[in-house]
Each structure stands twice: as structure tokens, then as C-alpha cells.
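Everything below concerns the one structure shown next.
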Amino acid sequence: MTVEATLETGTLLRVTGLKKYFPVRRGVFRRIVGWVKAVDDVDMFIPEGETLGLVGESGCGKTTTGRTILRLIEPTAGEVLFRSQRLGRVVDVTKVGKKELKLLRREMQIIFQDPYSSLNPRMTVGDIVGEPLIVHRVARGKEKEERVKELLEAVGLKPEHMRRYPHEFSGGQRQRIGVARALALDPQLIVCDEPVSALDVSIQAQVLNLLEDLQEQFHLTYLFIAHDLSVVKHISDRVAVMYLGKIVELAETEELFTHPLHPYTEALLSAVPVPDPDYEAERIILQGDVPSPVNPPSGCYFHPRCPYAQSICSEQPPQFRDLGGEHFVSCHRASELSLRGVKMR
Ligand code: SF4
């Protein structure tokens with residue numbers, strides 16, 4: 001007998017124990033000699049209509065987490081529960097068959113980081129935005145054209161832009177085309193994978209505002225991946241901090257920024273610029289490099305760089321636990337440390 005998966009009311013996505021290990025192969029026979037633990041036991045949830053920001057340094061596993069949730073990359077282990085409107089039930093994305101996965105693709109979309117390389121230069125904007133409609137047999141001909149026009153208008157472009165090619169647009173406009181393509185199938189969840197990192201600062205705010213407007217208009221839920229904490233602070237309802245393939249802290253945005261509980265979050269926040277001339281920032285410089293995910297440190301992965309580490313930190317991995325008010329942290333000393341946050345404006 002199969003047990004139906006369930007989710008709490010109002011929750012769109014819940015990820016439990018998600019892992020993605022890539023094999024390291026050597027020698028003539030390409031034998032597996034180790035594993036890159038890109039995503040290592042990740043837990044998170046996103047309520048409907050909310051934005052969860054996912055931050056961390058380059059190479060910490062953020063992008064792999066996003067793609068594994070969408071099953072663009074097959075997970076090694078874990079569960080990704082998603083409330084599917086089309087299937088009319090909660091499904092484990094990691095276990096569905098090909099046919100159901102194709103239906104889920106309509107509800108779970110992605111916006112890529114690089115608006116230059118993610119659009120096919122030989123296709124017109126109309127063909128790029130309309131391609132998902134053809135692939136999923138949602139609309140064709142005149143109907144497709146009308147839908148593309150609507151989508152272009154929704155992202156602040158003009159209907160006549162559909163006859164042009166990507167190279168005729170600026171970076172910000174290209175990212176708008178990417179957003180229109182992600183919206184084409186009327187999704188519920190969009191993984192925004194560093195959507196503004198490749199854009200000028202002045203354009204970043206416009207694209208972020210567009211994403212916020214669209215969220216309200218279409219009741220979208222975002223997993224917003226970024227390395228820039230200021231960007232994440234602007235758009236997220238809650239923030240998850242990732243280090244070496246693990247989520248080390250997750251809380252509401254204001255709570256996380258003003259009362260961080262993990263020493264790594266404190267170090268990241270110390271680098272956030274605060275627009276207040278009376279505020280004296282004291283940057284925390286972490287010692288050493290990020291360890292290799294092939295051979296992560298024992299106990300707490302952060303212990304070789306943590307200024308608060310004690311012997312227990314290298315001996316036992318800390319649990320990811322709720323210290324109250326859905327403020328989750330993975331640190332042995334979280335309840336005794338008094339860490340520095342930043343002012344919210
Ligand atoms: Fe630092 Fe120890 Fe906490 Fe890890 S568990 S973050 S090493 S204090």
C-alpha cells in the first residue's frame with residue numbers, strides 16, 4: 001500500500017535530507033575514488049507566495065540545490081515534496097515518473113543567471129518565449145502569438161519585440177525575456193538562480209522590482225539564489241545560509257540579519273554595506289579557504305575557520321534545530337554566543 005505524501009497547509013515545497021554527490025573518477029578505468037558532496041543533507045520549506053533566499057559563497061552548492069529540487073539534476077538521496085495543482089496532490093519530485101515530471105515542469109520553472117548565454121541567439125524573442133508553449137502543447141499559431149505578447153507586456157517589454165533577436169537587447173531586457181519564458185507555462189514555483197548577478201547595479205533594482213510585482217500578480221513562490229546579501233535582504237521573506245553543501249542557518253529575513261545565530265552568518269553580514277554614516281562596520285575576516293567538498297572537515301564543517309570553535313566542534317556534527325520562532329541553526333554554541341547582526345532599514 002502506498003502512503004500519500006502530505007504537506008502542512010500553505011506550504012508549497014518541503015525539502016528533506018536532500019543530497020547530491022558527484023563521483024570523482026581517476027585512472028584508465030575511471031574508477032570512483034571519492035565523492036564531491038555538493039549538496040549534503042539539506043532541509044528547507046517554502047510557504048506558498050513567499051520568497052526564500054538562499055545565500056552563500058560561490059561553490060557552496062546553492063545552484064546544485066536549486067537544480068536538484070527541480071530535478072534538472074538527479075538527486076543522490078532525499079525527498080522534495082511539492083503541492084502540484086495539475087496533479088491535484090502532493091508529490092515527491094524525486095520519485096515521479098517521466099510523464100508526471102513533464103507536467104511538474106510546467107509548475108516549476110527556472111530563471112538562469114546569465115541573460116547572455118541562456119537565450120538562443122538564432123531564435124527570435126517570440127520563439128524563445130513561445131517555445132515552452134509548443135513543447136508542452138499549450139498553444140500554437142495565433143493563440144501562441146497572443147500569449148507571447150501578453151507575457152512580454154507583463155515583463156515590461158513591447159509586443160513588437162517578439163520579432164527581434166536577443167543581441168538587440170540590453171542585459172536587463174534580456175533578463176526580462178528570460179523571466180517571460182519562465183512565466184509562459186503559468187508556474188507556481190520559480191527557482192531564480194542568481195538572476196541579477198550579471199547585471200549593472202542600476203538595472204538590478206529594476207529586475208528585482210519586476211520579480212516582486214510578478215510575484216504579487218501571479219501569486220508566485222520563489223527560491224531566490226544569490227551570493228549578494230543586500231539583494232537577498234531586499235527580496236526575501238526568509239533566508240537560508242549555505243556553507244559547504246549544508247544549510248547552517250534559516251530564519252525570517254529581519255531576524256536573521258539582526259540576530260544571526262551562526263558564526264558564518266555573522267561573518268557574511270559583517271561584509272554587508274550599511275547606508276548609515278554613523279554605523280561603524282567591523283569586517284570579520286575568516287581565516288583559511290573554504291575546505292574541499294570532496295573531503296569536508298570532521299564534526300562541524302565550519303570549525304577550521306570558526307573563531308568560536310571548541311573541541312566538541314571537530315568531534316560531533318551539530319544538529320540543524322529550531323531555537324525558537326522557526327529560527328533554525330546548526331551550531332553547538334548557538335544558544336550561548338552573542339553574535340553581531342546588521343541594522344535593517
Ligand atoms: Fe563554530 Fe562550533 Fe558553531 Fe561550528 S559548531 S559554527 S565550529 S561554534
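Here, residue 1 is the first one in the sequence, and each next residue gets the next number. Whatever order the structure lists ligands and atoms in, that order sets their numbers, starting from 1.
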Discussion item. For His161 and Phe169, take the angle between the two ring planes, folded into 0 to 90°, and tell me which bin it lands in: parallel under 30, tilted 30 to 60, perpendicular over 60.
Written reply: perpendicular
Discussion item. Please check: side-chain N/O of Ser314 versus main-chain N/O of Ser298, any donor-acceptor pairing under 3.5 Å?
Written reply: no
Worksheet entry | Transitive ILVMFWY cluster of Tyr21, excluding itself - 4.5 Å side-chain cut-off | Ile32, Trp35
Discussion item. Among residues at least two apart in sequence or on other chains, which ones pass side chain to side chain contact (heavy atoms under 4.5 Å, CB included) with Pro166?
Written reply: Leu119, Ile128
Discussion item. Just to be sure I understand the site: which N, O or S atoms from the protein are less than 2.8 Å away from atom 1 (Fe) of ligand 1?
Written reply: Cys306 SG
Discussion item. Other members of the hydrophobic cluster containing Val33, with the 4.5 Å side-chain heavy-atom rule, please.
Written reply: Phe22, Val24, Val36, Ile73, Val294
Discussion item. Would you say Glu57 and Tyr264 are linked by a side-chain donor-acceptor pair, where the criterion is simply a distance under 3.5 Å?
Written reply: yes
